[in-house]
Amino acid sequence: MNYRFSYLSLGMFVAGVVIITLLSTLNQAPATYKATEVRFCYGDSLEWKNPTYSTAHWQRNFYDSSGVFWIRLVVNIAQKPQRFEPQGITVDFTGVYEVYWDGQLLGRNYNPRKTTRTVQYAPLHGLFLIPDSLGKAGRHEVALRVRYFKNYGKSPHLLESDYTDLNVGNYLALAQDNLISTAYVHIIAGVFLVIGLYYFFIFIVSNRHLRFLLFAIICMSFFALLIVEHLRFYYYYHFTFHYTRLVIIALLTLSISVLLPLFFMHRFPFKYKLRVIGAMLAMILPIWIFAQGIDPKTSYTMLVSFGVSLFLVLRAMQQRIEGSAEALLGIVVFFIAFVWLDNYDLKLFLGFGFLIIFMLLSLSIQMRKQRQEYEASLVHSSRLELEILKKNIQPHFLMNSLTSIIAWIDDDPAVGTRFIAALAEELEILIDVSSKKLIPLQREVELCESYLEVMSLRKEVNYTLYTVGVKPDDLIPPALIHTAIENGITHNHDKDGKMAFYLSFAQNRYQRHYTLMSVGVHRKTVAKKTGGTGLKYMEARLQESFPNRWQLLSKPIEGGWQTEFFIYNRETGVGSR
Amino acid sequence: MKILIVEDEAKIAQYIEKVTTAILGDKVTATKIIPDLVSALYYLDTHTIDLLLLDLNLNGEDGFGILQELVATSFHTIIISANKHRAIEAFEHGVLDFIPKPFTKERLQKAFERWNLSEKRAPHPTKKLAIRSKGKIKLVDINEVLYIKAANVYATLHLKNGEQELHDKSLDKLQMILPPEFIRIHKSYMVDIHQIKNILIHQGSKYEAVLGNEVIIPIGRTYYKQLKEQWN
């Protein structure tokens, strides 16, 4: 197989690595201040909001989540904020709370007129403006009065889990930055949606290869993953939905992780599909049982999936399958992204994104190859056509016929003229049918009869073709019977100046069956036979018109030679002689 | 003169027979038509002939396979075939002529003239000589031949390495298929002219040629003049 490593894929690879490197350096600077000295106390007292109230005796670790409790923490604004740049605080919390800043109430995530039990809507994400007078550089005491908390994380470090977070920084940046990055992500997500739809349509409409469907599902899963991942930045959902969203993300990642090696197994032919998938699931299962938190679960799952994919792709490269180099580059880019980038979202986004781009490249290379094969098959078909013409206008047939004509004209000009007419008729039919894939049997019989007339005059043997039970309009490849008759003449000679051919036809629910019997005396030979092109021609024509559902038998029988064609209604995988 | 026609096309075989008889007239004492190689080889085992007219493709059977065997015999072979592209190959095997199909009476006549006049040579000389030896066919490269001596109706090839081989063809017939460098210097001797190192002239118009391996062979008086012209 032709194996190519194109400049395009190399260019894509370099671009991918450069982008990942740039982002890994850009992502370093922290724009916000995080909480320190987090402490808890169960119970409720408005006094606890005051910064002067000492929390030294409060708990450091959080275990329980029932009832009302307070969280006190310290935020240190290290750099003096610019003038007229308001500071803000974001709280992501799976509960109902109000937030105090240096003793001042900044806001709450619920309607205060409702009781805890009747709160319908308490968004996970809250953004609060810090008054200018309080947003100065230095140490600030923050208090959260929690009226209700649903603990998904089961983590002692309450404000550093998948579910909860607290940031202090420039109010505008807190409000806008995530939205801006979400806008870019959505552009990319749209691209994957279109690619996914495109391959889905390719699968539905024209090319029922499973790899196209798998690729479409992978692309659309990735699209869904990006959307769900960034949903939180513009849709301020109720905190209970957060868990659902994380589960959706985990399941999407899991499905992509399983689909990816499956895709590679269909893209680069691989026998032991079930075993590999089984082994991979066996590796993923303990990760899901033992790894804490959603992010580590999905990260390790993806790592396993990519490890398996790497194995498959390396195997394909070893077999020099076209497009395997591109797939390898994609996986390498993924690993680079995985190692260099800290942010999970970026890992996912860039690692997967580039991988899919390389898979796309790999698929287009394969499609190019398929197109070339298709074109080659067209050439093949015209080559067959040429073959049959060549065989008949080939020196042996044509020159011997012409020499015989010279001989006849010398002997008996009337027969010579008849001969020329017969030869002309045979050539005319031959030129007409050779460009067709299938012709009616009637036409084929006409071809054979004119051929036999020419041969009768040449060999001075009375050749006759008898047909038994044939259907005149049954379709067969051109010159099939003709070639079988030629073979009959090659293998047998006449008996007392006569030689007969019997063409019979039988049909049932499963197959059509033609038998050509040449009745004659078997020839003795000393030298090797030339060609064998007749047999090759018949095989090629049958395969062209009835792929893998034919059989050709050609053998000597008592008193002659027999050629049989079986054409099956369904594919049998026979396609042989 | 006996002629064997091996041709699987009945009408063409008849035509060849008819035209041959018309051209050669009374010289032809017998003709025989055989349509396949097996019967032809059997016939040759039991009959002697003077000329073989052979078609190379007989019902899909490749006549080239047994051509070597046929050219090792005492008679000449003329190929009549539609496979024009194999003409050179046939000549290199040592056939006298190659007549491509379709052919005319005139073309056949030309071939017979060449056969009749011993001085005429084949249009392409042979490169190897096939020799029948102990039931097997052996090929001798023309370049290995130092000189050839007549031995009754056969010819002895004297090779450069000192060995000798007997060929079934007469000196006259060999001369027709050998390259022009091989010239007659005596009624019974033929030599590659490039192998002659010196010519000795003795008293009484007696001449001798000294060859590469210090082998000395006689030069016929009638051939001397022509040799001298070509030799320098």
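First the proteins, then the strands, lettered A, B, ... as listed; each starts at 1.
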Would you say [atom1] of [X] has more than 12 non-hydrogen atoms from neighbouring residues, nucleotides or ligands within 6.0 angstrom?
X      : atom1 : answer
B:K160 : NZ    : yes
A:F505 : CZ    : yes
B:N161 : CG    : yes
B:Y43  : OH    : yes

Atom [atom1] in [X], atom [atom2] in [Y]: separation rounded to 0.5 Å?
X      : Y      : atom1 : atom2 : value
B:I12  : A:I406 : CD1   : CD1   : 9.0 Å
A:I405 : B:Y15  : CD1   : OH    : 12.5 Å
A:M399 : B:N57  : CE    : CG    : 13.5 Å
B:D8   : A:I489 : CG    : CD1   : 11.0 Å

message = Taking the side chain as everything from C-beta on, heavy atoms only, tell me whether A:S404 gets closer than 4.5 Å to B:E9.
response = yes
task = Using a 4.5 Å cut-off on heavy atoms from C-beta on, say whether the side chain of A:D411 contacts that of B:K11.
result = yes
note = Among residues 456-463 of chain A, residues within the sub-4.5 Å heavy-atom range of chain B, in order of number, are A:L457, A:R458, A:K459, A:E460
task = Side chain from CB out, backbone as N, CA, C, O: work out which of these in B:K18 comes under 4.5 Å of a heavy atom of chain A, or both, or neither.
result = side chain
query = Tell me, side chain or backbone of B:I16 under 4.5 Å from chain A's heavy atoms, or both, or neither?
reply = neither
task = List the atom of A:T403, the atom of B:F103, and the distance in Å for their closest heavy-atom pair.
result = CG2-CE2, 3.5 Å
Sequence-distant partners of A:F546, ring pair (Phe, Tyr, Trp, His ring centres under 6.0 Å), two or more places apart = none
